[in-house]
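Here the structure is laid out as structure tokens; the discussion comes afterwards.
Bear in mind that the values here come from a model prediction, so they are computed numbers and not experimental data. Whatever order the structure lists them in is the order used to number ligands and atoms, beginning at 1.
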Amino acid sequence: MANKIKVTFLGTGSSIPTENRNHVSVHLKYKEQDLLFDCGEGTQRQFRKAKLNPMKVNRIFISHWHGDHTLGLPGLLQTMAMSGYNGTLEIHGPNGTKKKVKDIIENHMGYYLMMSKEDGYSFKIEAHEHKSGPVFENNDFTVNCFKLNHPMPTIGYTFELKDKVRIDKSKLNKLKLPNGPLLGHLIAGKDITVNGKKIKAKDITYTEPGKKISYALDTGYTKDLSKEVKDSELLIIESTYSSEEEAMANKRGHLTGKLAGKIAKEAKVKTLALVHLSQRYDRISKVIKDEAKEVFDGKVIAAKDFDTIEL
Ligand SMILES: [Zn+2]
Ligand SMILES: [Zn+2]
């Protein structure tokens, strides 16, 4: 059984949080990797409500340093230090991230890091700055980033699960092949010989295609955007305004429901998740969702706090 990617929307609001929508943050879990995209105010409490453990977070990806995406970091990091986080937390973000993280450590973390050290833990925080291109890679997936159109350095991210070569179990059983290193050869694409009989890797293996999830906020419309998020299984994108406020959206570097739908259509994504809704749409998110659906045929959700998607 293949491992699933689980996405949890911890916050789906815009610059002013509402009763129903926290500042923005999205949690993505794949195997033992817990990744966090943005960390608006109150994110650590959203972890508790979602029954997720902040101590498991390996990496945080910041889109940009507007407060609604980052005000939750000092609190989250303090809690991690106090709770005995033992290891290195990697924080990725656009230009300026190293200085911002240094400021948080200097202004908020001193006492908590000292306590953590006294208790025998080693909590390190490392900051990385990116413009576009590769951010992180392991055996299972890659994370890349791309430039967005917003009034300060801002980047979006793609999480791409790699294609996996798997053994067809029913064919394996028929051949009565033992489990063991020989299977590793087949997965690596090498033919093997068992009891004088040649077994071709291509006859017994199949490729499970990877999956792409894209995270694009905050941003105004650009032609390049759909290229970056092309063929995503899930596109998480901002949709701050409705078309009535398109002029304001353009001026402030934000999207409308209609423009988000246009990008989803151009990029041929499967599911479109709209987040970062202005407080005025808190209870009428349908307005934004319907705009997107008018231009995009795929599945559209106006994500709510604590919604989850498994892929
Ligand atoms: Zn912003
Ligand atoms: Zn924002």
(message) Check for me: within less than 2.8 Å of the Zn ion (ligand 2), which protein N/O/S atoms show up?
(response) Asp68 OD2, His69 NE2, Asp218 OD2, His276 NE2

(request) Considering only NZ, NE, NH1 and NH2 on the basic side and carboxylate oxygens on the acidic side, decide whether Glu244 and Arg280 come within less than 4.0 Å. (result) no

(message) I need the full list of side chain to side chain donor-acceptor pair (under 3.5 Å) pairs touching residues 300-311, with sequence neighbours left out, sorted by first then second residue.
(response) Thr12-Asp305, Gln46-Asp305

(message) For Lys212, is the NZ atom crowded, meaning more than 12 foreign heavy atoms sit under 6.0 Å from it?
(response) yes

(message) Under the ring pair (Phe, Tyr, Trp, His ring centres under 6.0 Å) definition, can you give me all pairs with a residue in residues 37-57, not counting sequence neighbours?
(response) His27-Phe47, Phe37-Phe61, Phe37-Tyr157, Phe37-Tyr215

(message) Ring centroids only, cut at 6.0 angstrom: are His66 and His23 within range, meaning strictly under it?
(response) no

(request) Scan residues 158-177 for pairs that pass ring pair (Phe, Tyr, Trp, His ring centres under 6.0 Å), counting only residues two or more places apart or in two chains. (result) Phe141-Phe159

